[in-house]
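What follows is a short report on a single structure.
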Amino acid sequence: MSGAIQRDVVVVGGGLAGTAAALALSQGGAEISGNSITVLDRRPTLGGRAYSYPHPALDEVVDSQHVILGCCTNLIDLFEQAGAADTIRWYDQLFFLEPNGNRTRLAPGVLPAPSHQTISFLRAPMLGLSDKIGVARGLVEFLRGYPASDAESFATWLKRTRQTERAIRHFWEPVVVGALNDGFDNCSTKYAGKVFHESFLRSPQAGRLGIPALPLSEWLNPLTELAQSRGVDVRMKTGMTGLEQIAGDRWRVTTESAVFETSNVILAVDFKQTQGILRELPGGAPIAAGFEHFIAAPITTIHLWFDREVIDLDHAVLLDTRIQWIFTKSRIRRWPASRGTYLELVISASWPELKLGREEILASALEELAMFFPAVKTARLVKSSVLKEARATFSVTPGLDAYRPTQKTPWPGLYLAGDWTATEWPSTMEGAVRSGRLAAGALMGDMARYLSAELPATGVMPLLVR
Ligand SMILES: Cc1cc2nc3c(=O)[nH]c(=O)nc-3n(C[C@H](O)[C@H](O)[C@H](O)COP(=O)(O)OP(=O)(O)OC[C@H]3O[C@@H](n4cnc5c(N)ncnc54)[C@H](O)[C@@H]3O)c2cc1C
C-alpha cells in the first residue's frame, strides 16, 4: 500500500509484555535498530493493566496496588536498565493480623534457607501447634521446587496433605488468593507451589516483597522513556484496527491514523483480543478455540484518605475478613504525618464485590478495618474511592498450561506476548515481562536469549533444588 510506514517490528500493545519486547530488541548491541521498531497502544500511557490515573472528583492519582517479589528478576532488570530500581521499596517482613489483636510477623532470621523463616514461624500466634506441623509438612513438598504438571488443583493438595482448617484460613489462603487471585479449585498446585517455594524457601532475597513507591503509570514511565531514548517509535492512543498477512511473508497493521508494513508483529494484547485477532487469520480458528479455557478474575480495591495517622504498618495481611491486604500508601510513599493517611485495601478474587454497590463495599471495609485499627473510628474520612477491575488477571486453573501458547506462532513473523502466554509464571508483571522477552528471543531465533538469570538458591537449598 502506498504511504504505509515500513518497519522491521511492530509491537501491538504497550503493557509490560509489549514494552519488554521492544526494550529487548532495541537494547545495546542488538541487531534491530530502535528506529525500526514501533509500539502501538490504544491507551494514553504505556503499562496496560499496571496503570494509574488522575481521579477527577478526588483530585488524587489512583491505582490498584501491584507488588513484586525478589524473584521477579526480569522486571527488576528492566528497572535497573532504566536507572529506576530505587522506585521499588523492599520489605523483608510480612505481618498477619487477627481481629483479636494478635500480630504474626514472618521474617528471615539467622538460620540458612530453607529454614530462614522458621524462628518467626514457630512464634506465630496465628497458628496452633497442629496447624504448624501441617504447614511444615506441606512446605516440604515444595522444597525441591514445584510440580512440573499443573493437573492437580490446590484444593486437592490441601486435602491430600491434611491441612487444618485454621492453617488454610490463616496461611495458605491469604498467600494463594493474594498471589494467584482465585479460589483453591481454580489454582493449580504447580503455581501455588511456585509461590511458596520462592516466597518462603528458596532464599531470603527471593521472598522479599517489593512495592512501587510511586503511582503505577509514573513508576513505569522510565521504561517508556528508555525505549524512546533508544529510538523506538512509541505511539499512544493508537489502537490496531486490522492485521493481515501480505506478500513476501510481511504484515500490514492498520490503525486509525497510520498503516504499517512490517516483517514482524509482536501481538501483546490480552487473551480475549488475541483470540478475536487469530480467529480471523487463515488457519487461526483452532488455535483461537483453545483460548476458551482462560478465565479472567477480578480485584477490588478500596482507597481511603484519613485526616490523621491511623495505622503503624506499611502493609499487612488481614485475617478472617473480606479485605485481604492493606497498603498504607502514605507511609510507603513517605508522606509527612501532617498529610494524614492514604490507605488501600485489596480484595482479591472479588466476584461478590462485582455485584455490590460502592457504598456497601465501603461500609463493610470500614467496619472490618476498625476491628484491627480502632483509630479509624475517631479519624475523619476525608475521601474514598472503590475501584473494581473485573478482568485483573487470568486464573491458573488446573490443566491450563496445555492451552497457554508459546510466543512463536505457526505464522512466519507473528509472535505472541502477554502474561497469559506460556511463561511458567502466573498472571503477574514478571510473567508479562518474561513473555515479551521470550517473544523478542523467538523473533531473533533464540527464545531464552533476553531472559535474566534466576536468583540463586542459598543456604542448604542448592543441595535440594531440582
Ligand atoms: C487490580 C490489579 C492488580 C494486580 N496486582 C498485581 C500484582 O500485585 N503483582 C503483579 O505482578 N501483577 C499484578 N497484576 C497483574 C499485572 O497487571 C498483569 O499481569 C500485567 O500488567 C500484564 O501485562 P501484559 O502486558 O501482559 O498485558 P496488559 O497490561 O493487559 O497489556 C495489553 C495492552 O494492549 C493494549 N491493547 C489492547 N488492544 C489493543 C489494540 N487493538 N491496539 C493497540 N493496543 C491494544 C492495551 O491497551 C494494553 O495496554 C494486577 C492487575 C490488576 C488489574
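Remember, it's 1-based here, ligands and their atoms both numbered in the order they're listed. Given the structure is predicted, the values throughout are model-derived calculations rather than measurements.
When each atom of ligand 1 is checked for a heavy atom of Q273 under 4.0 Å away, the hits are 37 (C), 38 (N), 39 (C). Shown in contact with A268 at under 4.0 Å from a heavy atom are these atoms of ligand 1, numbered in order with element: 32 (C), 33 (C), 34 (O). Of all atoms in ligand 1, listed by their number and element, those nearer than 4.0 Å to a heavy atom of D419 are 18 (C), 19 (O), 22 (C), 26 (O). Atoms of ligand 1 lying under 4.0 Å from any heavy atom of R43, numbered from 1 in the order shown and given with element: 47 (O). Listed by number with element, the atoms of ligand 1 under 4.0 angstrom from any heavy atom of A432 are 22 (C), 23 (O), 24 (P), 26 (O). Residue contact check: G418 has heavy atoms under 4.0 Å from atoms 26 (O) of ligand 1.
Shortest contact from atom 9 (N) of ligand 1 to any protein heavy atom: V67 O, 2.9 Å. Remark: minimum distance from atom 10 (C) of ligand 1 to any protein heavy atom is reached at M429 N, 3.5 Å. Closest protein heavy atom to atom 36 (N) of ligand 1: V269 CG1, 3.7 Å. Nearest non-hydrogen protein atom to atom 34 (O) of ligand 1 is G13 CA, 3.4 Å. When hydrogens are left out, the protein atom nearest atom 41 (N) of ligand 1 is M240 O, 3.2 Å; that is the closest non-hydrogen contact. Here the heavy atom of the protein found nearest to atom 51 (C) of ligand 1 is H66 NE2, 3.4 Å. At the shortest separation from atom 1 (C) of ligand 1 among protein heavy atoms lies S64 CB, 3.3 Å. Residue, atom and distance of the protein heavy atom nearest to atom 48 (C) of ligand 1 are D41 OD2, 3.4 Å.
With a 4.0 Å heavy-atom cut-off, ligand 1 is reached by no atom of C72. Under 4.0 angstrom from ligand 1, the non-hydrogen atoms of V12 all belong to its side chain. The backbone and the side chain of R49 each have at least one atom closer than 4.0 Å to an atom of ligand 1 (non-hydrogen atoms only). Contacts between A392 and ligand 1, counted as non-hydrogen atom pairs separated by less than 4.0 Å, involve both the backbone and the side chain. Heavy atoms of L40 found under 4.0 angstrom from ligand 1 belong exclusively to the backbone.
A side-chain contact (heavy atoms from CB on, under 4.5 Å) with I295 holds for exactly one of V396, T397, T393; it is T397. Each of K194, R202, R434 was scored for a salt bridge (Lys or Arg N to Asp or Glu O under 4.0 Å) with E454, with one residue passing: R434. The side chain to side chain donor-acceptor pair (under 3.5 Å) test with S384 singles out one residue from E359, R358, H303, and that residue is R358. Partner W172 forms a ring pair (Phe, Tyr, Trp, His ring centres under 6.0 Å) with one of F184, F200, F196 and no other, that one being F196. Here the options are F95, Y91, F96, W325, the test is ring pair (Phe, Tyr, Trp, His ring centres under 6.0 Å), and the partner is H315; only Y91 passes.
Salt bridge annotation for D270-R49: absent, with no cationic side-chain nitrogen under 4.0 angstrom from a carboxylate oxygen. A salt bridge is absent between R89 and D314; no separation between the charged side-chain nitrogens and carboxylate oxygens falls under 4.0 Å. By the 4.0 Å N-to-carboxylate-O rule, E261 lies too far from R250 to be salt-bridged with it.
Atom NZ of K383 sits in a crowded spot, with more than 12 heavy atoms from other residues, nucleotides or ligands closer than 6.0 Å. By the neighbour-count criterion of 12 heavy atoms within 6.0 Å, atom CG of D86 is densely surrounded, having more than that number from other residues, nucleotides or ligands. Heavy-atom contacts from other residues, nucleotides or ligands closer than 6.0 Å to NZ of K408 number 12 or fewer.
Here the side chains of L281 and T409 are not in contact, with every heavy-atom distance at 4.5 Å or above. Proximity of S452 to R437: side-chain heavy atoms (C-beta onward) are separated by under 4.5 Å at one or more points.
Ligand 1 has no N or O atom lying under 3.5 Å from any N or O atom of G239, backbone or side chain. At a 3.5 angstrom cut-off on N or O pairs, E430 does not count as close to ligand 1. Checked against a 3.5 angstrom limit, the closest N/O atoms of A17 and ligand 1 fall inside it. Considering backbone and side-chain N/O atoms, T428 comes within less than 3.5 Å of an N/O atom of ligand 1. Residue D270 has no N or O atom closer than 3.5 Å to an N or O atom of ligand 1.
Remark: R333 is not positioned above the aromatic ring of Y342, lacking an NZ or CZ atom under 6.0 angstrom from the ring centre and at most 45 degrees off the axis.
Proximity of G431 to ligand 1 is not established, as no heavy-atom distance is less than 4.0 Å. Ligand 1 has Q65 within reach: a non-hydrogen atom of the residue lies less than 4.0 Å from it.
Residues S188 and D150 have side chains that never bring a donor and an acceptor to within less than 3.5 angstrom of each other.
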